[in-house]
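Shown next, in structure tokens, is the structure this report addresses.
Computed from a prediction, not measured in an experiment: that's the story for all the values here.
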Amino acid sequence: MAFLKKKKSKLGIALGSGAAKGLSHIGILLALEEKGISPDYVCGSSMGALVGAIYCSGLPMKDFADLITSLNRREMLGLFTPTFSKSGLVNGDNIEKFLFYLLGDRTFSDLERPFTVVATDVFTGEEVVISKGPLIKAVRASISIPGIFVPVKMDGRSLIDGGITDPVPVSVIKAMGADISIGVKITTEVKKIVNQVKVSETKGRKILVDYGKIRDKVMTFLDKMPKDEVKVKLKDIIDITIENKKEGEKESLNMFDVILNSVYIMQDTIALLRLKQDKPDFVITPDISNISPMGYLRSKEIIKIGCDSAEAVLPEIEKRLKG
């Protein structure tokens with residue numbers, strides 16, 4: 001009697017949004033690689049899209065980690081090109097150049113494994129899943145945090161951050177064909193974010209940020225300035241944002257932190273709801289609540305946290321794969 005060979009389960013990983021915190025995806029993928037686990041399907045939202053694209057291109061995560069951790073303050077600052085635009089503070093041109101250095105002009109069909117990117121249509125609010133065409137443009141769309149990056153126009157749509165509609169795209173991974181799914185939730189819990197954005201305490205009263213009013217006042221101020229002076233001020237804002245704070249040190253608020261924390265309060269709620277609905281088999285949750293969303297100079301620490309968080313779940317993942 002012939003025995004049928006058991007079909008191998010397909011593994012998919014959904015890499016979530018998180019700005020600088022999303023560099024923890026590098027550590028997670030490194031931990032999987034060390035155990036010989038190679039996802040069959042990858043989907044990324046926002047920073048997850050960027051890291052996922054690098055991973056699926058075949059570039060070793062160790063090499064990417066070495067590159068990211070080697071960037072100094074000036075080099076990191078250079079990735080964020082200020083622009084005089086009402087739709088965003090950063091045009092993203094230098095980030096595209098950085099991605100081209102790593103990826104060339106690859107399309108999705110050039111990748112080593114199936115990969116998709118999630119973005120959001122800024123006019124309709126629709127989740128847009130991109131799986132074909134130029135890779136860099138898709139990634140650039142997915143990382144376009146509203147208010148910071150200028151939206152990207154693709155196929156007649158204006159696209160922004162995928163985390164706005166799907167911070168942990170587990171449903172996309174399942175639709176791609178994954179039998180076993182891993183969701184990586186980077187965004188911190190709302191209660192932790194609220195604690196982070198505390199401005200001061202006066203006579204026992206906590207004063208919290210009114211995000212809308214602050215951003216309106218800043219944009220009104222910038223609109224009244226000459227273009228060249230605006231660019232200088234924007235560079236100053238970006239420069240003080242990309243901090244290298246030590247663990248335990250209190251975060252100082254700047255405009256980028258205000259916008260990003262506002263976005264991630266919303267995304268955290270959406271992520272929790274989507275995870276309940278989409279029900280991944282495993283959830284990896286790096287605890288990066290003590291690091292600013294713009295803490296790119298703490299990349300070595302962030303990657304280590306990602307690696308540790310994956311190692312905590314790996315035994316169960318291995319057990320399930322061996323089935």
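In this structure, CD1 in Ile302 is found 4.5 Å from CD1 in Ile291, a value given to the nearest 0.5 Å. Taking CG of Leu297 as the start and CG of Asn72 as the end, the distance is 8.0 Å to the nearest 0.5 Å. Expressed to the nearest 0.5 Å, how far CZ of Arg298 lies from OG1 of Thr69 amounts to 15.0 Å. Atom-to-atom distance recorded for Leu50:CG and Ile54:CD1 is 5.5 Å, nearest 0.5 angstrom. Considering CD1 of Ile182 and CG of Leu11, their distance stands at 4.5 Å, rounded to 0.5 Å. Once rounded to the nearest 0.5 Å, the distance linking OG of Ser142 with CZ of Phe149 reads 11.5 Å.
Asp93 and Lys97 are not joined by a salt bridge, as no carboxylate oxygen comes within less than 4.0 angstrom of a charged side-chain nitrogen. Using a 4.0 Å cut-off between charged side-chain N and carboxylate O, Arg274 and Asp166 make a salt bridge. The pair Glu126-Arg157 counts as a salt bridge, with a side-chain nitrogen and a carboxylate oxygen less than 4.0 angstrom apart. A salt bridge links Lys185 to Asp268: at least one charged side-chain nitrogen sits closer than 4.0 Å to a carboxylate oxygen.
Under a cut-off of 6.0 angstrom, the local environment of CG in Asp155 is sparse, with at most 12 non-hydrogen atoms contributed by other residues, nucleotides or ligands.
Of all non-hydrogen atoms in Ile270 and Pro167, the two that sit nearest each other are CG2-CD, 3.5 Å. The shortest non-hydrogen separation linking Ile186 to Ser17 is CB-O, 3.1 Å. Taking each heavy atom of Arg106 and Asp110 in turn, the nearest pair found is CA-OD2, 3.5 Å. Counting all heavy atoms, side chain and backbone alike, Pro134 lies closest to Phe108 at O-CE1, 4.0 Å. Between Val118 and Val129, the shortest heavy-atom distance links the atoms CG2-CG2, 4.5 Å. Lys174 and Ser181 make their closest contact through CE-OG, 3.7 Å (heavy atoms, listed as atom of the first residue, atom of the second, distance).
A 4.5 Å side-chain heavy-atom check between Val42 and Leu111 finds every atom pair outside the cut-off. Looking only at side-chain heavy atoms (C-beta outward), Ser158 and Lys153 come within less than 4.5 Å of each other. For the pair Leu67 and Leu102, the minimum side-chain heavy-atom distance is below 4.5 Å. Between Ile28 and Ser309 there is a side-chain heavy-atom pair separated by less than 4.5 Å. The closest side-chain heavy-atom distance from Ile136 to Asp105 is not below 4.5 Å. Considering only heavy atoms from C-beta on, Phe115 comes within 4.5 Å of Leu135 through its side chain. Counting heavy atoms from C-beta outward, Lys21 and Ile305 have side chains that stay 4.5 Å or more apart. Side-chain contact check for Arg320 versus Phe282: some heavy-atom pair is nearer than 4.5 Å.
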Let me see the working for Met76 and Leu79 under side-chain contact (heavy atoms from CB on, under 4.5 Å), right down to the final yes or no. CA-CA 6 Å; Met76 193 66 76; Leu79 295 175; 4.0 Å; yes
Step-by-step side-chain contact (heavy atoms from CB on, under 4.5 Å) determination, Met154 to Ile130: CA-CA 10 Å; Met154 286 186 70; Ile130 308 170; 4.1 Å; yes
Show your reasoning for whether side-chain contact (heavy atoms from CB on, under 4.5 Å) applies to Ile13 and Leu32. CA-CA 11 Å; Ile13 186 166; Leu32 292 176; 4.0 Å; yes
Given the rule in the side-chain contact (heavy atoms from CB on, under 4.5 Å) test, do Met176 and Val172 qualify, once you have shown the distances and angles that lead to the verdict? CA-CA 6 Å; Met176 291 172 73; Val172 180; 4.3 Å; yes
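Hydrophobic cluster membership differs between Val313 and Tyr41, with clusters built from Ile, Leu, Val, Met, Phe, Trp and Tyr side chains linked at under 4.5 angstrom. No chain of hydrophobic side-chain contacts below 4.5 Å, direct or via other Ile, Leu, Val, Met, Phe, Trp or Tyr residues, connects Ile173 to Leu321. Residues Leu273 and Val170 are members of separate hydrophobic clusters, defined by side-chain heavy-atom contacts under 4.5 angstrom among Ile, Leu, Val, Met, Phe, Trp and Tyr. The cluster map of Ile, Leu, Val, Met, Phe, Trp and Tyr, joined by side-chain heavy atoms under 4.5 Å apart, puts Val152 and Ile95 in the same cluster.
A donor-acceptor pair is defined here as one N or O able to donate and one able to accept, closer than 3.5 Å; such a pair exists between the side chain of Arg113 and the backbone of Pro39. In this structure a side-chain-to-backbone donor-acceptor pair under 3.5 Å is missing from Thr120 to Gly125. Counting only distance, with no hydrogens or angles, the side chain of Ser45 and the backbone of Gly163 share a donor-acceptor pair below 3.5 Å.
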